[in-house]
Amino acid sequence: MELPFRQPHFSGALLLLLLSNLLLWEKASSIPACMAEKSGCWNPRMETFDSAIRKAETLRTVANQFYVELYHNQFSSGKFATLTSKLVRRDEIVFRAASHCHSTLTNPPNKGIQYITIEIPEYLKTLINYVGAWISPLFHLVIELSAMKDVPETILSKAKEIEENNRQILRDLRWIITEVYPTSKKKENFPSWELLSFLKSSSRNSKFLAMFNLSHCLEYDTQFFLFHLRILKCRITGKDC
């Protein structure tokens, strides 16, 4: 921007005013993520990260409660005791249900220092796919539990809360990548869940095998959702490191 210093009819006071305004404008434009408010500075990027982290903390807590509930509530405890017994005997199907999580197909940086060495745009995209991998399974979990006549409200309400928080975390991550990397290609690739047909089955044994898998994997994955969100907040905003 070229200031009109060459125009001789400008007074000294007017020039000072223009310079002052220019300096204020340059200072404000140097902090694009911060929006002025009467109470101070509002940073939408920080606010969205904080929102996602709060939801991930809730998700972690409720997922753990859901896991415990399925093992102890009369509705499912018998089936889960049978599945645990088969797991101890290394039953192939049950062992896979307890140890294989479909979300790992997104290759989340859960090992070593991958979360430090991975490039931030790739990190964001990976986390979007990691969280997004749970959209369909949780959606169908709520549908199937809602259709079961004997399901306790404590279990159904937790499933609904898990599904809602996971969906909102994904929404926050989508906003963050658009805000931080507006020109980045945002191809999403959510892996399919191999036990979806089991959950939809008319067989209660199949349904509970699918829930067994879901509860174990959620117990594991929600820890990493929270961990990765905190790391990404540090790497992108430089705060709370």
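Because only heavy atoms are used, hydrogens play no part in the values below, and waters and symmetry mates are left out as well, while side chains stay in. Counting from 1, the numbers follow the sequence of the chain as shown.
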Can you confirm whether [X] sits close enough to [Y] that some side-chain heavy atom of one is under 4.5 Å from a side-chain heavy atom of the other?
X: N43; Y: T237; answer: no
X: E57; Y: R230; answer: yes
X: D221; Y: Y130; answer: yes
X: W193; Y: L141; answer: no
X: R235; Y: I118; answer: yes
X: K239; Y: F49; answer: no
X: I162; Y: W134; answer: no
X: D91; Y: L83; answer: no

* Give the C-alpha distance, both sets of side-chain angles, the deciding distance and a yes or no for side chain to side chain contact (heavy atoms under 4.5 Å, CB included) between H100 and E194. => CA-CA 10 Å; H100 176 72; E194 64 183 40; 4.0 Å; yes
Can you tell me how far the [atom1] atom of [X] sits from the [atom2] atom of [Y], to the nearest 0.5 Å?
X: T126; Y: Y115; atom1: OG1; atom2: OH; value: 16.0 Å
X: L199; Y: E144; atom1: CG; atom2: CD; value: 5.0 Å
X: N213; Y: L209; atom1: CG; atom2: CG; value: 7.5 Å
X: L232; Y: L124; atom1: CG; atom2: CG; value: 5.0 Å
X: K233; Y: I53; atom1: NZ; atom2: CD1; value: 5.0 Å
X: I236; Y: I177; atom1: CD1; atom2: CD1; value: 8.5 Å

* To do: Check step by step if side chain to side chain contact (heavy atoms under 4.5 Å, CB included) holds for E69 and F66.
  => CA-CA 5 Å; E69 188 84 19; F66 183 71; 5.6 Å; no
* Check the pair M211, K79 against side chain to side chain contact (heavy atoms under 4.5 Å, CB included), reporting the backbone distance first and the verdict last. => CA-CA 10 Å; M211 293 182 204; K79 295 290 186 183; over 6 Å; no
* Take L229 and I169, measure what side chain to side chain contact (heavy atoms under 4.5 Å, CB included) needs, and give me the verdict at the end. => CA-CA 10 Å; L229 281 167; I169 291 170; 4.2 Å; yes
Provide the closest heavy-atom pair for [X] versus [Y] in the form atom of the first, atom of the second, distance.
X: L156; Y: S146; result: CD1-OG, 3.5 Å
X: P137; Y: L214; result: CB-CD2, 3.9 Å
X: Y67; Y: H216; result: OH-CE1, 3.9 Å
X: S201; Y: K207; result: O-CE, 2.9 Å
X: T104; Y: P108; result: O-CD, 3.8 Å
X: L218; Y: T222; result: O-OG1, 2.7 Å

[X], [Y]: one ILVMFWY side-chain cluster at the under-4.5 Å cut-off?
X: W175; Y: I135; result: yes
X: I120; Y: I231; result: yes
X: Y220; Y: L127; result: yes
X: L196; Y: M148; result: yes
X: V88; Y: V94; result: no

* Determine, step by step, whether S51 and K55 satisfy the side chain to side chain donor-acceptor pair (under 3.5 Å) criterion, reporting the C-alpha distance in whole Å, the side-chain angles of both residues, the deciding distance to 0.1 Å, and the verdict. => CA-CA 6 Å; S51 170; K55 293 178 187 110; 2.4 Å; yes
Is it the case that the side chain of [X] and the backbone of [Y] share a donor-acceptor pair, with hydrogens and angles ignored and the cut-off at 3.5 Å?
X: E122; Y: E119; result: no
X: N165; Y: E161; result: yes
X: K158; Y: A63; result: no
X: R60; Y: E219; result: yes
X: N189; Y: N129; result: no
X: H102; Y: A133; result: yes

* To do: Determine the interplanar angle of the F224 and F227 rings, folded into 0 to 90°, and report it as parallel if under 30°, tilted if 30 to 60°, perpendicular if over 60°.
  =>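 Answer is perpendicular, since the angle exceeds 60°.
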* To do: Fit a plane to each ring of Y71 and F212, take the angle between them on a 0 to 90° scale, and name the class: parallel (under 30°), tilted (30 to 60°) or perpendicular (over 60°).
  =>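 Plane angle between 30° and 60°, so tilted.
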* Asked: Would the number of heavy atoms belonging to other residues, nucleotides or ligands and lying under 6.0 Å from CD1 of I93 be above 12?
  ->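 Open.
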* **R89-S85 side chain donor-acceptor pair, cut-off 3.5 Å** =>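 Per modelled atom types, R89 and S85 side chains form a pair under 3.5 Å.
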* Please determine, by modelled atom types, if N110 and H228 share a side-chain donor-acceptor pair under 3.5 angstrom. =>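 Yes, H228 and N110 have a side-chain donor paired with an acceptor closer than 3.5 Å.
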* Under 6.0 Å between the ring centres of F80 and F75? ->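 No, the ring of F80 stays outside the 6.0 Å limit from the ring of F75, centre to centre.
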